[in-house]
Every structure is written in structure tokens, then in C-alpha cells.
Amino acid sequence: MSTERYNAREAEPRWQRIWDERGIFRTRNDDPRPKYYVLEMFPYPSGRIHIGHGRNYVMGDVVARFKRMKGFNVLHPMGWDAFGLPAENAAIERNSHPGIWTYENIDTMRGQLKLLGLSLDWSREIATCDPSYYGEQQRIFLAFLKAGIAYRRESEVNWDPVDHTVLANEQVIDGRGWRSGAVVERRKLAQWFFRISDAAQELLDGLDTLERWPDKVRLMQRNWIGRSEGLHVRFAVQGPAPLSEIKVYTTRPDTLFGASFLALSPGHPLTEALAADDPALAAFVEDCRRGGTSTAEIETQEKMGFDTGLKVRHPLGGDPLPVYVANFVLMEYGTGAIFGCPAHDQRDLDFARKYALPVTPVVLPPGADPAAFAIDAIAYVEDGTLYQSGFLDGLAIPDAKEAVAVRLEGETLGGAPVGERAVNFRLRDWGISRQRYWGCPIPIIHCTACGPVPVPEAELPVRLPEDVSFDQPGNPLDRHPTWAHVACPACGGPARRETDTMDTFVDSSWYFARFAAEPGAVPLDSAAASHWLPVDQYIGGVEHAILHLLYARFFTRTLKKLGRLSVEEPFAGLFTQGMIVHETYRDAAGRWLFPEEVEKRADGTAVRIGTEEPVTVGAPEKMSKSKRNVVPPEAVAEGYGVDCARWFMLSDTPPERDSEWTQAGIEGAWRFVQRIWRLVGDCLALAGEPVARPDAFGAESTALRRAAHKLAAQVEEDIERLRFNVAVARVHSFTNLLNDAIVAARKGPVPADVAFALREAASFLVRVVAPMAPHLAEECWTVLGEAGLATQAPWPEVEPALLVDDTVTLPIQINGKRRADITVPAAASPAEVERAVLALDAVVKALDGRAPKRIIVVPQRIVNVVA
RNA sequence: GCGGGUGUGGCGGAAUCGGUAGACGCGACGGACUCAAAAUCCGUUUCUGGUGACAGAGUGUCGGUUCGAGUCCGACCACCCGCACCA
């Protein structure tokens, strides 16, 4: 038996160097093998990675390595989502440039990722802050502009009145600026948008084609797009008013006879027109504006209304309705105006109770007494039958909706139909302007004479100036002495560059297409992208289920329409992995401690190493720098080796769930790595020199070969289905069996068939673990005397005959309870099985001479005797 | 509030189609080796009763369908996630 341990610390860097020197992860676009594109969501270079970041890269790496062994030409690239606010914050703190911090972090993190032994094609590495990348993005922007997909309009931003700066939503904390603490105001600025709402229907329909996406993510996108079907209804305003009609959107036209008011959004044009002559209304609108933008605040906000004094005619002949301005009506959805039916909508009911408006129920619950039914504090929103509703009385809700639609489509107001069927989406256009420095400049020049003029293509990229300072609040591009001041490309007159930059979600909306291009090629190479897209397996956190994935889908569809890409959907397969969590530790003073500062005692308590002071152990949480519950990859690599870290990450917990990082777990992985090393050595020592395949195999060698071939077949399926934890369990199971075989073989001289089976078992085992523990596999592969690299070895060839057993053991149930089992030839017919079962002692005893009522024989599965 | 998911030993979890519940690992306990320890190896480990063969119970709760339910159906409980004044 080999007593020498596997030395990961020595072997891992050695193999990484060899992989690197031979360039085996470099991918060529002209490789004739079938393509497979694996991608993990690229990281933001925030500083250093901890082991919690590594899980999705390791999972992607297992898939990439496995697919290579199966004969695919695999693309597995890596890059950096490098623009963003944290770099600017770092620049403010250090009084330096965001790019310095960003590129330092990229260097650090690249080294850390390399440490994990990932099979990445680093030659295709990109950073979105590289001018060659964002220059192409500017070209895309201009193409969008030309196609009418990008446009400019006024929109509200968070404005910090002390720092005189625009704040991102995450910089607004409890309604106040994160630095100044000042109450944030809403201000209107002209900003750029992408017309994603026009694509709402196709983005919704496209979800049905994404069969390899989690249902959960598809549902979240479906809800986010939020399609609803309803009716536009135009109400005529009585008497003199700035507008003669008000158009509302409703999904409940059936409740029109229960309407008791109309409500306008504070931002509605009619509201604005009325407020111009009505200081009280203007003050009310101002009041509504002051409320915070956070959802929590909106939720708790009380309903507020302002009676405009206007009345509208009821389109179906009911009483005239008063028109209010109400804080709960959104300008961005529908028409910015609603009709209120308090009896059947909770918000309308709350409003009606506050302002003493009538509450008329028009939908009667099934079986309710119309004379007794009344609405108190809860609106009735369930099924029912229409009543108190004229021509709708007696109809079910869907029929009433239809009847109202038909009737109002037939009525006219000012020459147009009163009612019009309409589909509404929750999805709004994507505002991409950010009043920030560290982002992709929007390639537009504003000319007082010509308006916004695109930067000519030849002048792209519009580069960010390097000489900027962050010692004052606001966007340094705004106060740069020369950068923004340029001549208008159209008229040559003095003009000013757009100083807004793009939302960083734009950067991540096409990077997967950028990776398709070989190094040095044009950034968005249509032919290369057609070859590689869609991504076969995309892996990332579920926190990107909506925005990033929706924007990337929108970009891909749009780029296809513009002839730049050939697919509509970027990601054929999506997997959302769980987080790695770790216990937290605090000392007596409540300070967070790093795991390496803490020693856990056998009695369950924990103390601080060195000082022996007691430590409070908190529940496992997402690894985060602030709580110090992080484990650096370097520490694991030096202590146990990265294969142990990889193995542990894949073990036990299903990949979509959160997984707890523990000392015991990493030690278990270490033991297993050593066990594989030892078993491979043992197989070799027993088998001796390689032997030719024997003509016949005995029972012992056949059993071992069956197990090895089943292992390869099952792990293949497990990896295909990303069930890494199950794959790991199967490998464990196999090593238990292999160990038994080794112990048995030691008892005497090893026959040739057993020797062959032992070598084969070792070879299978090494290749099966190769995607998960690649360094160990290389070391074992060398020991086995195999030529080439394990990484480049083919996945074990499975002999189908070895996957089926010739006998099968069936459990025997009597009245549904397991009482015995029976081993029969796998080919036995149900009748033969039944005969054998009836002869069993336990069955004879249970039947006690009577005939069984029924016998159910499920071939290969179970037999149930009903006595 | 709306939508979705999850619930199995001390712990992480396994269980194609409804077919032996608890694979595999961790932990624990016992043993071998050792002067001793570490490492390694072997064994036990759902609960209850029994020395034991064995018997009974058991997959959040209650009920149902079925020869047979962790799996299907109905009601409920708990936790988690997403959205949230979307008319």
C-alpha cells in the first residue's frame, strides 16, 4: 500500500503551469468539433474574492471540463463588469482615479480565479471599462438611436440638494442622501431611454421557448413584464375645463356602475393644467412629490386626495362622478387616471371611506342575499354575479366585461369610440442615463442649434478623460475644462458633449457576444457570435433573474433585428446557484471576527485564539466582508488544496440551494482526495503491469467492471443535469466498492481478469473525478502511466452490456408491507416471478392455505401480494 | 396583499414513472493498529419495545385516491423568495 500522501500544494501549481504552457484552454473558432458555450455571470471587480464567490465558477468549470472530455469545442471565457459606482466611491476616498482601483482589483481577482484551477480561455478576457469594449457599445447605442429604440425624454431623478448631485437608488437611504444625509428631492432631467416596453410582448412570448430555464425565473420575468388586458374608457368632462375628456384604463369595466369617482395622478396633464391656476392643488401635488421613492414608504403612505370640483359624465348613464387628484395613482401606468369603484377595489375603498364617497356593490357573491350584502372595510374582489348594474344584471364577471366593452366600443365621444380594448404592460422603458463618471459615455453632442447630434462613427470611441478629480461632489465630466466642449458635428458651431454615462446593465447586456470574437478581432463579430450563441449553459445568482437577464434578452433580440446577431435568445440554458454561507463570530465587545481567529471547542463553545475570550457564534449567513465570515481561496489552497475546495463546494448540498462552508466539510473533502489517491495507487500495485483485455471475466471482475461502467454513465447524467451533489455521492459509493474489491484481491494472487478490472476501475475513477478535482486527476493519470493529460482524456467509454444486471432482487410486500425479498433472473417473466414468490416461506405463512386475492408484479421493481 | 417555492434522522441531503424511505457524506459511539496520539482501517448509528430473531411507528399537520403515497388530490401550519398603490 502506498503510504505517501498526495501533496496538493506541490502538485496544483505544477499542473496549472502545464495547462497554461500548453494553452489547452485556448478556444479556436474554426475548430470542427461541435460547440459548447459555458458562461458564468462575469464578476464586478470589487476587491478580493472569497470562497463564496467561487461556487458558480467551479460549477461552470465542471461542465466545461466535462464537455471537453465528451468531445466538444468548449468556450469558457471570463471578463470583468468593470464600470460602476463603487470605483467612484473608492476614488473619492483615496483621491485617485476609479480606473486605478478597478484595474488593481482585476489583477488581484484574476490571480485568485487562476488559483482555483478554472479551465478558462484567458486570451478572451475583457473588461467593460476598456475603450475597445465601450466604443463598440457606443456604436450599438447609435444603431439603437437610428432605429428609434433609443430616445430622450424628461424623467425624475433623486437629487441631493446639499451635495448638488444625482443619487442612484442605492445611494438613497431612508429617503436621505448617503453622504450628506439631506432629504432627497425628485427632479426632472432629460434622459436617454431604450424602448424595451415595445418588446414587452415578444419578451413575454420568448419565455415559453426557454425550456432550460428555471420556472421560477421565467415566472419572475412574466410578472415583471406584467401583461394585463382591459379597456380604455373616455369620460366627458362637464362644463369648462382645460381638457374636455379624461381617459382611464381599467381591467374591471364590469364594475362601471359601482364607480363613485375618477382619480388623476399628480403628474397627469390635467392636474398640471389645473394646478397652474390653483395654489391649493399645486401645494397638494408638491406634497405628493415630497414622499420618498422607496417602496416601503409608498406602501405605508396614506391615501390622499384633492377634489378638483370637476365632474365627468358616466358613460353608461349613471350619476356624474367627481374628479379627484390622488396620490396613489401612478402616472407611469395606464393613462395616469382611473375610475374608482370602492366596493370592489381595496384602494378605492380606503379612499372612498376617507372622503365619504358612495360605496355601491355591483358584484354579488354566489348565494348572497342582495338585500343584505354590504361592503364594510374589505372590498369584494372574488367571483360573483352583476347586480344594480342596469343591462349587466345577472351576468357573470367575464360576460359583463365583454358586454361593457362591446357597448362602449359602439358609443362615440367627439367622433371616437368611448371604449377601446387595450393591453397594458407593467414593464417600463429602460432609463439608461447615469449622472456618473465611471461608465460608458453616451456618444451624443448637444448643439443649441441642431439639438442632440450623434457622434460620428469615425470618432468613436468617445473616451473618458483621465484627468479628472473627485474632490467635489457631482459628475467630474460636467466640470472638466475641455472634454465636453466640442464643435457640433452637424453645423460646426459650439456644442457640448453629453456628460451622462450609461447604466452598467448596458455593459452586461452583450458581453456574452463579445467573448465569441477571437482576440484581436472586431468586438462584435457577427459570424463568430452566430457560431457560439446561444450560450448553452449560463450560471449565476438568482438576484439577476429579472433585470440583467431581461436586458440581455432585449439586447439580443434588438441586435438580431439590426442584423448584428442571428439568435433571438442569448441563453439557452440557465442555472441559478445558491450562495455559500458561513457562521458569524463576534467577541465580547460585539466586534466581528474572522473564522481563522476563532477556535471551536469540543464542548460546543468557541473562543478567540490567543486571548481565549469567549466568542458568540451566529447563524450561517451570506459571506460578506463586513461580517468577516469569509474564507479566502488562498488559505484553502495552501492548507488543503483547491481540489478539496472544489470537491467540498460540489458535495452534499444541491447546487441551487445555499450551502454552508465548514471546517469539517473541507476536512472531509481532504480525506476523500487522499482516499482516491490511495485507491488508485492500490489498484496499480495489485494489477501490476498493464495486461491485455482477457477473453473472459469472472464474477469478481465483472462486478467491479459493472460498478465502474455504471459510475461513468450515472455521473455523466448527473453532470448533464447539474446535480453535482449526487455525482459526488456516486463517486463515494464507488470508492467504497472499489476498496472492498482491493481488500478481496489482496487475499491471493491476482488473476488477469481482476488485474484488468482494477486498472480499468482506476482509470474510470480518475476520469470521472477529473472535471471536479482536475489537479488530483492529472497526478493520478500520470501515476497510471497514461499518455497526455487527464484534462484532455476522453470521458470513459461505457459498455452498455455492463449497465444491466443479469439478476435482480425484488422486495416482496404482503398487503403493502415489505416482508421478504427474492432474487430472480432479470429476464424472468412476471408469471415466473409470481410462481417463485408464492413459494416463499413468508408468503406461504401469510396466506395460510388461502389463495391470494391479487398479486401485483412490477417487473424489475417490486411484488405486492394482497392476501 | 398578490405570486412562487420548500418542509425527510443529531446535521447536509438521496430516493427516474406512485414501487425496499433514509443512498452518500458530516457528526457521534464502539473496535483494530499505536507506549501514546495523529492518520488510517473495520463496525454501529430514524424512533419505540426486545439480549435477540423480530414487531410496531415514521418523510410539517389532518384527510382522501391507490394493491402500494416522501411522490398524486384537498384543507391547513411553518419557513424562505419575488413583486408590491400596476387600476
Side-chain angles (χ1 to χ4, degrees), chain A residues 1 3 5 214-224 226-228 230-231 248-253 255 263 265 295-296 298-303 326-330 332-341 344-348 350-351 378-379 381 424-428 542-543 545-546 647-648 651-654 656-660 662-669 671-672 674-675 678 717 721 723 725-736 739 743 809-821 852-867:
Chain A
M1 192 205 288
T3 51
R5 275 195 197 154
D215 290 340
K216 177 187 169 137
V217 173
R218 288 197 280 178
L219 185 70
M220 282 164 72
Q221 292 214 350
R222 205 165 276 136
N223 291 341
W224 188 261
R227 185 191 147 98
S228 81
L231 200 66
V248 308
Y249 174 72
T250 178
T251 56
R252 292 297 302 274
T255 63
S265 164
T295 52
I298 289 170
E299 180 190 10
T300 53
Q301 236 167 43
E302 206 187 330
K303 303 269 178 295
N327 64 339
F328 69 94
V329 181
L330 306 173
E332 304 82 38
Y333 185 78
T335 61
I338 60 155
F339 80 76
C341 174
H344 304 295
D345 183 290
Q346 192 59 46
R347 294 158 301 179
D348 298 347
D350 295 344
F351 189 81
I378 310 289
V381 295
N424 247 297
F425 294 94
R426 225 185 64 108
L427 182 66
R428 292 169 210 167
V542 73
E543 67 274 16
I546 298 175
W647 191 262
F648 176 37
S651 301
D652 294 339
T653 308
E656 68 278 9
R657 287 199 208 168
D658 290 351
S659 163
E660 190 184 351
T662 60
Q663 189 60 25
I666 189 73
E667 282 167 9
R671 273 198 297 274
F672 190 68
Q674 296 300 334
R675 182 170 160 91
R678 204 172 48 245
E717 200 193 324
R721 296 170 63 185
R723 292 155 30 105
N725 58 320
V726 181
V728 164
R730 287 198 213 281
V731 176
H732 271 286
S733 239
F734 177 74
T735 57
N736 290 341
N739 189 59
V743 169
T809 299
L810 301 175
I812 309 302
Q813 292 183 334
I814 295 168
N815 294 330
K817 286 201 184 291
R818 184 175 172 279
R819 293 296 181 205
D821 49 40
K853 284 197 190 115
R854 207 175 149 185
I855 300 182
I856 294 112
V857 178
V858 184
Q860 313 290 318
R861 281 274 175 209
I862 201 167
V863 179
N864 192 5
V865 179
V866 186

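Lettering of chains follows the sequences in order, A, B, ..., and the numbering in each one begins at 1.
Pair check for B/rA55 finds B/rU48; Watson-Crick or G-U wobble, both atom distances under 3.5 Å. Pairing for B/rG19 is with B/rC67, a Watson-Crick or G-U wobble pair whose two hydrogen-bonding atom distances lie under 3.5 Å. The partner of B/rG1 is B/rC83, by the rule that a Watson-Crick or G-U pair needs both atom distances under 3.5 Å. Base pairing analysis places B/rG25 opposite B/rC11; the two distances defining the Watson-Crick or G-U wobble pair are each below 3.5 Å. Here B/rA37 sits opposite no nucleotide as a Watson-Crick or G-U wobble pair (both hydrogen-bonding atom distances under 3.5 Å). In this structure, B/rA75 and B/rU61 make a Watson-Crick or G-U wobble pair, each of the two defining distances being under 3.5 angstrom.
Considering only side-chain atoms of A/Ser228, the nucleotide from B/rC24, B/rA87, B/rU6 that sits closest is B/rA87. The A/Thr251 side chain lies nearest to B/rA87 when the options are B/rA87, B/rU20, B/rG13. For A/Arg675, counting side-chain heavy atoms from C-beta on, the closest listed nucleotide (B/rC41, B/rA23, B/rU20) is B/rC41. Distances from the side chain of A/Ser733 to the nucleotides B/rG19, B/rG12, B/rA23 place B/rA23 closest. Looking at the side chain of A/Trp224, the nearest of the listed nucleotides B/rG82, B/rA87, B/rC83 is B/rC83. Considering only the side chain of A/Pro654, B/rA14 comes nearest among B/rA14, B/rA87, B/rG19.
For B/rC76, the base is anti relative to its sugar; the glycosidic angle deviates from 0 by more than 90°. Base orientation of B/rG27: anti, the glycosidic angle falling outside 90° of 0.
In this structure, A/Arg819 contributes its side chain and A/Gln813 its backbone to no donor-acceptor pair below 3.5 Å.
Atom C1' of B/rU65 sits at a distance of 27 Å from the matching atom of B/rA14, rounded to the whole Å. Atom C1' of B/rA28 sits at a distance of 15 Å from the matching atom of B/rG12, rounded to the whole Å. A distance of about 12 Å separates the C1' atoms of B/rG56 and B/rG50, rounded to the whole Å. Comparing B/rU59 with B/rU6, their C1' atoms are spaced 13 Å from each other, to the whole Å. Spacing between B/rU66 and B/rC17 at atom C1', rounded to whole Å, works out to 15 Å. Only the P atoms considered, B/rG30 is 27 Å distant from B/rC54, to the nearest whole Å. Distance check on atom P: B/rU8 versus B/rC72 gives 16 Å, rounded to whole Å. Taking atom C1' on both nucleotides, B/rC77 is separated from B/rG49 by 32 Å, rounded to a whole Å.
When only modelled atom types and interatomic distance are considered, A/Arg657 and A/Asn725 share no side-chain donor-acceptor pair under 3.5 Å. For the residue pair A/Ser228/A/Tyr249, the side-chain donor-acceptor check at 3.5 Å is satisfied.
For a distance-only test at 3.5 Å, the side chain of A/Lys303 qualifies as a donor-acceptor partner of the base of B/rC85.
A/Ile812 has its CD1 atom 12 Å from the C1' atom of B/rG19, to the nearest Å. In this structure, A/Lys216 atom NZ and B/rC80 atom P are separated by 13 Å, rounded to whole Å. Rounded to whole Å, atom P of B/rA87 lies 8 Å from atom CG of A/Asn424. Distance, A/Phe648 CZ to B/rG25 C1': 11 Å, rounded to whole Å. Between A/Lys817 atom NZ and B/rG56 atom C1' there is a gap of 8 Å when expressed in whole angstrom units. In this structure, A/Asp652 places its CG atom 7 Å from C1' of B/rG13, rounding to the nearest Å. What separates CG of A/Asp215 from C1' of B/rG4 is a distance of 10 Å, to the nearest Å. Following rounding to the nearest Å, A/Asn223 (CG) and B/rC81 (C1') show an atom-to-atom distance of 13 Å.
Using a 4.0 Å heavy-atom criterion, one finds that A/Val863 contacts no nucleic acid atom at all. In this structure, A/Asn864 reaches the bases: a heavy-atom distance under 4.0 Å links it to at least one base atom across the strands shown. Nucleic acid contact for A/Arg671: sugar-phosphate only, since backbone atoms but no base atoms lie under 4.0 Å from a heavy atom of the residue. Within 4.0 Å (heavy atoms only), A/Asn736 reaches sugar-phosphate atoms of the nucleic acid but no base atom. Contacts of A/Leu330 with the nucleic acid, taken as non-hydrogen atoms under 4.0 Å apart, include base atoms. Residue contacts for A/Val866: at a heavy-atom cut-off of 4.0 Å it reaches the sugar-phosphate backbone alone, with no base atom in range. Backbone-only engagement by A/Asn739 is indicated by non-hydrogen atom pairs under 4.0 Å involving sugar-phosphate atoms exclusively. Among the heavy atoms of the strands lying under 4.0 Å from A/Arg428 is at least one base atom, whether or not backbone atoms are also near. Within 4.0 Å of A/Asn725, counting heavy atoms only, lie sugar-phosphate atoms of the nucleic acid but no base atom. Across all strands shown, A/Arg227 has no heavy atoms under 4.0 Å from either base or sugar-phosphate atoms. No engagement by A/Ser651 is indicated, since no non-hydrogen atom pair under 4.0 Å with the nucleic acid exists.
One finds no salt bridge joining A/Glu667 and A/Arg671 here, because no Lys/Arg side-chain nitrogen approaches an Asp/Glu carboxylate oxygen to under 4.0 Å.
Side-chain N/O atoms of A/Ser659 include none lying less than 4.0 angstrom from OP1 or OP2 on B/rG12. Phosphate contact (OP1/OP2 of B/rA87, side-chain N/O of A/Arg252, threshold under 4.0 Å): absent. For A/Arg218 and B/rG3, the shortest distance from a side-chain N or O to OP1 or OP2 is not below 4.0 Å. Using a 4.0 Å cut-off, some side-chain N or O of A/Tyr333 falls inside it from OP1 or OP2 of B/rA87. OP1 or OP2 of B/rU40 has not a single side-chain nitrogen or oxygen of A/Arg678 nearer than 4.0 Å. In this structure, A/Arg222 does not reach the B/rG3 phosphate: none of its side-chain N or O atoms is under 4.0 Å from OP1 or OP2.
Contact of the A/Asp215 side chain with the A/Arg218 side chain is registered, since non-hydrogen atoms from C-beta on lie closer than 4.5 Å. In this structure, the side chains of A/Val866 and A/Ile856 come closer than 4.5 Å at one or more pairs of heavy atoms. Residues A/Phe351 and A/Asp345 fail the side-chain proximity criterion, which asks for heavy atoms closer than 4.5 Å. Side-chain contact between A/Val542 and A/Lys216: present, with at least one pair of heavy atoms (C-beta onward) separated by less than 4.5 Å.
Among all heavy-atom pairs drawn from A/Phe339 and A/Arg252, the shortest one is CZ-O, 3.7 Å.
RNA chain B is contacted by both A/Glu660 and A/Val728; A/Glu660 maps to the nucleotide lying nearer its 5′ end (nearest heavy atom per residue).
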Show the numbers, then the answer: is there a side chain to side chain donor-acceptor pair (under 3.5 Å) between A/Arg675 and A/Asn736? CA-CA 10 Å; A/Arg675 182 170 160 91; A/Asn736 290 341; 2.8 Å; yes
